[in-house]
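Only one structure is covered here, and it is reproduced in the block below.
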Amino acid sequence: MKTAIPSIREDQFQQQIIKLARTLGWKIAHFRPAMTANGWRTAVSGDGKGFPDCVLVKGSRLVIAELKTDSPKSQTSPEQNAWLEAFGGTKCEVYIWRPRHWDEIVEILSGCEVLK
């Protein structure tokens, strides 16, 4: 039976992912934006624009996850797609996660080593 998760904002979903990851022993990084005089900005250098929301590491596994809401308007940007494609060329696991994928997310983060 699928777990029903009510409609939530991306930041709320992200907090659920972080809590789950920590509970299951993952190291997780997310780089938060900050309010500046020019609006919300995330401090990045180089090609950082569009960098995925979460980077998770446990043992030999590396998971890259872009988080989106279940809204049809919540789509990845060209910069996000470029990063996901770049990571997809490696041995890490790359996902776009939405609240409706909760059961799959729990299974992925609870699972054993995934070999690619």
Side-chain angles (χ1 to χ4, degrees):
M1 174 189 258
K2 277 202 162 269
T3 305
I5 294 186
S7 179
I8 59 174
R9 295 186 323 261
E10 188 174 311
D11 63 321
Q12 295 170 316
F13 180 45
Q14 177 184 300
Q15 287 306 311
Q16 290 179 329
I17 296 290
I18 291 170
K19 183 177 179 181
L20 174 66
R22 286 182 175 158
T23 299
L24 296 173
W26 289 81
K27 295 284 283 179
I28 182 168
H30 167 74
F31 304 98
R32 297 181 312 180
M35 180 56 87
T36 69
N38 297 319
W40 288 96
R41 300 284 188 262
T42 302
V44 295
S45 296
D47 298 318
K49 186 174 182 182
F51 193 81
D53 289 315
C54 295
V55 177
L56 303 95
V57 178
K58 183 177 180 184
S60 64
R61 289 180 67 193
L62 173 63
V63 171
I64 304 298
E66 179 61 38
L67 308 180
K68 294 296 177 189
T69 67
D70 282 324
S71 166
K73 294 180 181 181
S74 182
Q75 300 296 317
T76 54
S77 69
E79 294 86 2
Q80 290 169 328
N81 289 335
W83 271 107
L84 296 174
E85 184 177 317
F87 277 117
T90 70
K91 291 187 178 189
C92 70
E93 301 166 53
V94 181
Y95 302 98
I96 299 173
W97 285 339
R98 299 176 185 275
R100 70 176 178 260
H101 301 136
W102 186 253
D103 289 338
E104 177 184 342
I105 295 165
V106 171
E107 185 176 315
I108 289 166
L109 296 183
S110 298
C112 300
E113 300 279 328
V114 174
L115 301 176
K116 288 192 166 193

Atom CZ of R22 and atom CG of L56: how far apart are they, to the nearest 0.5 Å? 11.0 Å
Short question: side chain of Q80, backbone of S77 - any donor-acceptor pair under 3.5 Å? yes
Between H30 and D53 (side chain of the first, backbone of the second, donor and acceptor by atom type, cut-off under 3.5 Å), is there such a pair? yes
Minimum side-chain heavy-atom gap I108-R61 below 4.5 Å: yes
If you count every heavy atom of other residues, nucleotides or ligands that lies below 6.0 Å from E85 atom CD, does the total exceed 12? no
Enter the distance from L84:CG to I96:CD1 here, rounded to the nearest 0.5 Å. 5.5 Å
Side chain proximity check, E10 to K68, heavy atoms < 4.5 angstrom: yes
Distance-only, no hydrogens or angles: does the T23 side chain make a donor-acceptor pair with backbone N or O of K19 under 3.5 Å? yes
Note: C92 and T90 closest approach over all heavy atoms is SG-OG1, 3.0 Å
On a heavy-atom basis, the closest approach of T76 and E66 is CG2-CG, 4.0 Å
Can you tell me how far the OG1 atom of T69 sits from the CZ atom of R98, to the nearest 0.5 Å? 6.5 Å
Nearest 0.5 Å, what's the CZ-OG distance between R9 and S74? 13.5 Å
Has W26 got a side-chain atom pairing as donor or acceptor with V55's backbone, closer than 3.5 angstrom? no
Are any of the side-chain heavy atoms of W83 and I64 separated by less than 4.5 Å? no
Where do L24 and S110 land on the side chain to side chain contact (heavy atoms under 4.5 Å, CB included) test, with the steps shown first? CA-CA 7 Å; L24 296 173; S110 298; 3.5 Å; yes
Straight-line distance of I28 CD1 to L109 CG, nearest 0.5 Å: 8.0 Å
First locate atom OH of Y95, then atom CD of E104, and finally report the distance between them rounded to the nearest 0.5 Å. 7.0 Å
